[in-house]
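Since this is a predicted model, take the numbers as computed values, not measurements.
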Amino acid sequence: MKDKPVILVVDDQPYNIELLEAHLAPQGYEIVKAANGEEALEKLFGNQIDLILLDVMMPGMDGFEVIRRVRQDNTHRLLPIIMVTALQETEDRIKGIEAGCDDFISKPVDKMELSARVRSLLRLKAYNDLMSNYRKELEAAKISAVEAREYAENIINTLREPLIALDQDLRVVTASRSFYDFFKVKPEDTIGQLIYDLGNKQWDIPKLRELLETILPQKTTFDNYEVEHDFATIGRRIMLLNARQVKRPLGKGRVILLAIEDITERKKAETELKVQTQQLEYANKELESFSYSVSHDLRAPLRAIEGYSQMFMKKYRSTLGEDATRMITVIRSNTKMMENLIESLLSLSKVQKTSMSISEINMDELAKEVWNEIWAANKERELELMTTEILPGYGDQTLIRQVLSNLISNAVKFTNNQKPGIIEMSSHSESDKIIYCLKDNGAGFDMAYYDKLFGAFQRLHSNKEFEGTGIGLATVQRIINRHGGRVWAESKVNEGATFCFSLPSTHMQDEAAS
């Protein structure tokens, strides 16, 4: 028998696996890791897995295909699967449900939400496993009514969540040990009592009466019936009730099984998450307001500084000393740097708001157009672009042009000390994605700082080495994320860098302007 539940975490990004493990391992879960869909299926059939946390967008076999293959195996037909994804579109969630997904958690992962959803599905699996084993045992041998009762009571007493059994008159037949512990009542004050009279009538709850007297007689099962009540012994709680009518052996009427889950903390976490979402929406509005201010209020004084500095130099150049001339030049240079930073910031903010028009893109032609523009501005450099035929992809051509422009410009910039500067572009098909890669022979970077690479205003080189604003790669990542793809990089210091991104190989649904 296992000491603790085993969770299979599947993600092609090691950082995401480490983050989920950091949340779950301290709570007593054993973590099994897989970096892709194929490895996940191997780990699944080689371990006693209780739950799967599954990334959606992975190279090779994506999350949807992994689910479909898991569900094809009767052994894992009811295995709980939670998709951990940054995808927010309803179509993606419907696709996951149709494949056989049980629940979703959005990236970035909220620790409290993750814990609540994992606990909830593991409880459901434990109950399903116990009931499945119980059915198998009953089918394997004929046992007496007394033995069956004792067996059922032992099963009930192993459940962590409170469970109570009622006869057709709504009197208590039996209750799990967890019921007594949670509600702080004794068996002698419970067995044989009308449920509404338990604990000095603290169970006389209008919504419970509605479930037992109105809904359940018309339906043999009922799931996720929410009840909020102020209990005398444990205070105010929000309970989730699941009810089943079960036929008793030898035709002796029916028993109502009532499972009770305390979701008070989960509801609290959901409320907190809602508040955080509202705060994030407010912050986004503030960012839009700031971008407007940057666009209209900061550019004007910068232009004035540049204009007057230029006029000053023309009028007084002959009378200025060397130091004064150098100072005016520094002022103009920093003004230009600030203007570039403002332009980059505005470009980054526009990426998320611009509506997308999806069509097939001739990536080979687009890459060469962008290269010619960049090469024309760097004719003094020895530069070489090496390509094979680049596969077409689907996306918004304007935004993808910006991706190529940012990546090729970076490659040109960081090969400044190489003669010649060589940039190679390639592509290959992978499942329903096309992978595009740009490799250079430039300065490269230390992979120890990889987590900073795609952050806004994060730079791995100083301005003295290579000029820049720290916005280009953040813009690239946002654009590719909006296309449902991903972007990544590999590098060694002084050995160049390779940047890759993925695009759909078939037509994707046009994204709303959000």
Exercise. Just say parallel, tilted or perpendicular for the rings of F183 and F231, cut-offs at 30° and 60°.
Key: tilted
Practice problem: Flag the pair D55 / V84 as yes when at least one side-chain heavy-atom distance between them is below 4.5 Å, and no otherwise. | Solution: no
Quiz prompt | Spatial distance of atom CD (E226) from atom CG (N224) [nearest 0.5 Å] | solution = 9.0 Å
Practice problem: State the CG-CD distance between L8 and E39, to the nearest 0.5 angstrom. | Solution: 9.0 Å
Quiz item: Minimum heavy-atom separation for V10 to N36, with atom names?
Solution: CG1-O, 3.7 Å
Quiz item: Crowded around K33 NZ? As in, over 12 foreign heavy atoms under 6.0 Å?
Solution: no
Practice problem: In plain terms, say whether D11 and K107 are close enough for a salt bridge, that is, a side-chain N and a carboxylate O under 4.0 Å apart. | Solution: yes
Quiz item: For the side chain of S409 and the backbone of S405, is there at least one donor-acceptor N/O pair under 3.5 Å apart?
Solution: yes
Practice problem: For K43, look at atom NZ and say whether over 12 heavy atoms of other residues, nucleotides or ligands are found less than 6.0 Å away. | Solution: yes
Practice problem: For D50 and I7, indicate whether the former's side chain and the latter's backbone hold a donor-acceptor pair under 3.5 Å. | Solution: no
Quiz prompt | Interatomic distance, R266 atom CZ to M112 atom CE [nearest 0.5 angstrom] | solution = 12.5 Å
Self-check item: Any F182 side-chain heavy atom under 4.5 Å of D262 side chain
Solution: yes
Exercise. Heavy atoms only: give me the nearest I238-T264 pair and the separation to one decimal.
Key: N-OG1, 3.0 Å
Self-check item: Min side-chain heavy-atom separation R401-I361 under 4.5 Å
Solution: no
Quiz prompt | Enclosure of E490 CD (heavy-atom neighbours >12, cutoff 6.0 Å) | solution = no
Quiz item: Do L51 and K125 pass the side-chain contact (heavy atoms from CB on, under 4.5 Å) test, and can you show the C-alpha distance, the side-chain angles, and the key distance before you say yes or no?
Solution: CA-CA 8 Å; L51 182 143; K125 181 182 184 295; 5.9 Å; no
Quiz item: At their closest point, which heavy atom of G37 faces which heavy atom of V66, and how far apart are they?
Solution: CA-CG2, 3.6 Å
Quiz item: For Y394 and H483, what are the C-alpha separation, side-chain angles and deciding distance, and is it a ring pair (Phe, Tyr, Trp, His ring centres under 6.0 Å)?
Solution: CA-CA 9 Å; Y394 278 89; H483 285 75; over 10 Å; no
Quiz item: Which atom names give the shortest non-hydrogen contact between I67 and A99, and what distance separates them?
Solution: CG2-O, 3.1 Å
Exercise. Could you tell me whether the side chain of N441 and the main chain of I422 form a donor-acceptor pair under 3.5 Å?
Key: yes
Practice problem: With side-chain hydrogen bond (donor to acceptor under 3.5 Å, both in side chains) as the test, would you mind laying out the steps for Q27 and S115 before giving the verdict? | Solution: CA-CA 9 Å; Q27 300 180 44; S115 299; 2.7 Å; yes
Quiz prompt | Full working for side-chain hydrogen bond (donor to acceptor under 3.5 Å, both in side chains) between R77 and N74 | solution = CA-CA 5 Å; R77 185 171 55 85; N74 200 48; 3.3 Å; yes
Quiz item: Run the side-chain contact (heavy atoms from CB on, under 4.5 Å) check on I434 and H428 step by step: do they pass?
Solution: CA-CA 6 Å; I434 303 295; H428 66 274; over 6 Å; no
Practice problem: Evaluate the side-chain proximity of V403 to V487: yes if any heavy-atom separation is below 4.5 Å, no if none is. | Solution: no
Quiz item: When you check the gap from the basic side-chain N to the acidic O, do K267 and E228 get nearer than 4.0 Å?
Solution: no
Quiz prompt | Expected output: side-chain S491 to main-chain G496 donor-acceptor under 3.5 Å | solution = yes
Quiz prompt | Nearest heavy-atom neighbours spanning S427 and L391 | solution = OG-N, 3.0 Å
Practice problem: Indicate the atoms forming the closest heavy-atom contact of T388 with D364, along with that distance. | Solution: O-OD1, 3.7 Å
Self-check item: Check: S502 side chain, I435 main-chain N or O, donor-acceptor pair, under 3.5 Å
Solution: no
Quiz item: Any Lys/Arg nitrogen of E65 or R68 sitting under 4.0 Å from an Asp/Glu carboxylate oxygen of the other?
Solution: yes
Quiz item: Would a 4.5 Å heavy-atom cut-off, applied to side chains only, mark L170 and E213 as touching?
Solution: yes
Self-check item: Under 3.5 Å donor-acceptor, D62 side chain and V56 backbone
Solution: no
Quiz prompt | Electrostatic pair D396:R482 at N-O distance under 4.0 angstrom | solution = no
Practice problem: Hey, could you give me the CG/CG distance between L273 and D110, rounded to the nearest 0.5 Å? | Solution: 5.5 Å
Quiz item: Can you check side-chain contact (heavy atoms from CB on, under 4.5 Å) on L366 and Q397, steps first, answer last?
Solution: CA-CA 9 Å; L366 183 61; Q397 180 149 332; 4.2 Å; yes
Quiz prompt | CA sep, side-chain torsions, deciding dist, call: F104, R117, side-chain contact (heavy atoms from CB on, under 4.5 Å) | solution = CA-CA 9 Å; F104 297 87; R117 294 188 186 277; over 6 Å; no
Quiz item: So, do W488 and I480 sit near enough that their side-chain heavy atoms are less than 4.5 Å apart?
Solution: no
Self-check item: Q278 atom CD, over 12 foreign heavy atoms within 6.0 Å
Solution: yes
Practice problem: Output the distance between atom OG (S426) and atom NZ (K439), rounded to the nearest 0.5 Å. | Solution: 9.0 Å
Exercise. Find out whether I423 and W371 are in side-chain contact, i.e. whether some heavy atom of one side chain is under 4.5 Å from a heavy atom of the other.
Key: yes
Quiz item: Looking at CG of L385 and CD of E424, how far apart are the two atoms once the value is rounded to the nearest 0.5 Å?
Solution: 9.5 Å
Quiz item: Side chain of S120, backbone of A116: donor and acceptor closer than 3.5 Å?
Solution: no
Quiz item: Hey, is the main chain of P162 close enough, under 3.5 Å, to the side chain of S176 for a donor-acceptor pair?
Solution: no
Quiz item: Any side-chain heavy atom of L241 sitting closer than 4.5 Å to one from I260?
Solution: yes
Quiz prompt | Over 12 foreign heavy atoms within 6.0 Å of NZ, K207 | solution = yes
Exercise. Flag the pair R71 and D102 as a salt bridge only when some basic side-chain nitrogen lies within less than 4.0 angstrom of an acidic carboxylate oxygen.
Key: yes
Quiz item: Quick check: does any side chain N or O of Y436 sit under 3.5 Å from a backbone N or O of L404, one acting as donor and the other as acceptor?
Solution: no
Exercise. Without swapping roles, check the side chain of T387 against the backbone of M425 for a donor-acceptor pair under 3.5 Å.
Key: no
